[in-house]
Amino acid sequence: QVRLVESGGGLVQAGGSLRLSCAVYEPTLRMFAVGWFRQAPGKEREFVARITLSGGYTNYGDSVKDRFTISRDNAKNTVYLQMDNLKPEDTATYYCAKQDWNVNPPMPRNYNTWGQGTQVTVSS
């Protein structure tokens with residue numbers, strides 16, 4: 001059974017950087033893409049980025065475009081989220097999830113099998 005496990009969260013000052021990892025265990029050939037979402041307390045889950053596993057095509061949410069970079073290492077079954085120039089409003093729990101087909105990237109309902117999340121806190 002496919003499992004996704006996030007890591008790399010932590011506390012960082014504004015303007016700093018973090019790299020999150022999403023390790024995919026027991027991947028299947030059906031997997032089409034992996035996405036990153038985030039959720040702050042009292043807010044809805046927000047789309048951050050998505051990458052297709054074949055071709056490496058990417059999509060980004062407007063609030064992170066030009067600051068975050070998603071990438072993948074298929075040999076390691078891992079997807080990364082490089083976060084630069086972090087802001088206090090980036091503080092949230094970050095989740096990765098998989099898509100088995102190409103559907104609208106920003107909608108959480110279009111993903112299945114979510115990780116447990118990793119906390120990112122950006123201090124001002």
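This is a predicted model, so every value here is computed, not measured.
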Asks: Working to the nearest 0.5 Å, report the span between CD1 of Ile70 and CD of Gln82.
Replies: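 If we round to the nearest 0.5 Å, Ile70:CD1 and Gln82:CD are 12.0 Å apart.
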Asks: Taking only residues two or more places apart in sequence or in another chain, which ones pass salt bridge (charged side-chain N to carboxylate O under 4.0 Å, His left out) with Asp73?
Replies: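 For Asp73, no residue satisfies salt bridge (charged side-chain N to carboxylate O under 4.0 Å, His left out) once neighbours in sequence are set aside.
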Asks: As an exercise, state the distance from CD of Gln99 to CE of Met107, rounded to the nearest 0.5 Å.
Replies: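 The CD atom of Gln99 sits 11.5 Å away from the CE atom of Met107.
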Asks: Excluding sequence neighbours, so at least two apart, what forms side chain to side chain donor-acceptor pair (under 3.5 Å) with Thr118?
Replies: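 Result, side chain to side chain donor-acceptor pair (under 3.5 Å) vs Thr118: none returned.
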Asks: With disulfide bond (SG atoms under 2.5 Å apart) as the rule and sequence neighbours excluded, what pairs involving residues 38-93 come up?
Replies: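 Every candidate disulfide bond (SG atoms under 2.5 Å apart) pair involving residues 38-93 fails, so no pair, neighbours aside, qualifies.
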Asks: What ring pair (Phe, Tyr, Trp, His ring centres under 6.0 Å) pairs are there with at least one residue in residues 55-92, not counting sequence neighbours?
Replies: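 Counting only pairs at least two positions apart or across chains, no ring pair (Phe, Tyr, Trp, His ring centres under 6.0 Å) contact touches residues 55-92.
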Asks: Using the side chain to side chain donor-acceptor pair (under 3.5 Å) criterion, which residues pair with Arg45? Sequence neighbours excluded.
Replies: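 Counting only residues at least two positions away or on another chain, Arg45 forms a side chain to side chain donor-acceptor pair (under 3.5 Å) with Gln39.
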Asks: So, using side-chain contact (heavy atoms from CB on, under 4.5 Å) as the criterion, who are the partners of Arg30 when residues are at least two apart?
Replies: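 Partners of Arg30 by the side-chain contact (heavy atoms from CB on, under 4.5 Å) criterion, ordered by chain and then number, come out as Thr28, Asp100, Trp101.
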Asks: Considering residues at least two apart in sequence or located in another chain, which fulfil the ring pair (Phe, Tyr, Trp, His ring centres under 6.0 Å) criterion with Phe37?
Replies: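 For Phe37, the residues satisfying ring pair (Phe, Tyr, Trp, His ring centres under 6.0 Å) (neighbours in sequence not counted) are Phe47, Tyr111, Trp114.
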Asks: Residues two or more places apart in sequence or in another chain: which of them pass salt bridge (charged side-chain N to carboxylate O under 4.0 Å, His left out) with Arg38?
Replies: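 Testing Arg38 for salt bridge (charged side-chain N to carboxylate O under 4.0 Å, His left out), a comparison that skips the adjacent residues, returns Glu46, Asp90.
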Asks: Verify, without hydrogens or angle tests, whether Glu6 (side chain) and Gly117 (backbone) share a donor-acceptor contact under 3.5 angstrom.
Replies: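 Indeed, once roles are kept as given, a pair shorter than 3.5 Å links the two residues.
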Asks: Which pairs of donor and acceptor atoms, one on a side chain in residues 16-26, lie under 3.5 Å apart (sequence neighbours left out)?
Replies:
{"from": "Ser17", "atom 1": "OG", "to": "Asp84", "atom 2": "OD1", "distance (Å)": "2.8"}

Asks: Filter on salt bridge (Lys or Arg N to Asp or Glu O under 4.0 Å), then keep only pairs touching residues 49-62, sequence neighbours left out; what's left?
Replies: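 Sorted pair list: Asp62-Lys65.
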Asks: Can you name the salt bridge (charged side-chain N to carboxylate O under 4.0 Å, His left out) partners of Lys43, sequence neighbours left out?
Replies: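 With sequence neighbours excluded, Lys43 shows a salt bridge (charged side-chain N to carboxylate O under 4.0 Å, His left out) to no residue whatsoever.
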Asks: Test of understanding: with side chain to side chain donor-acceptor pair (under 3.5 Å), list the residues that count as partners of Ser71, not counting sequence neighbours.
Replies: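 Partners of Ser71 by the side chain to side chain donor-acceptor pair (under 3.5 Å) criterion come out as none, since no residue qualifies.
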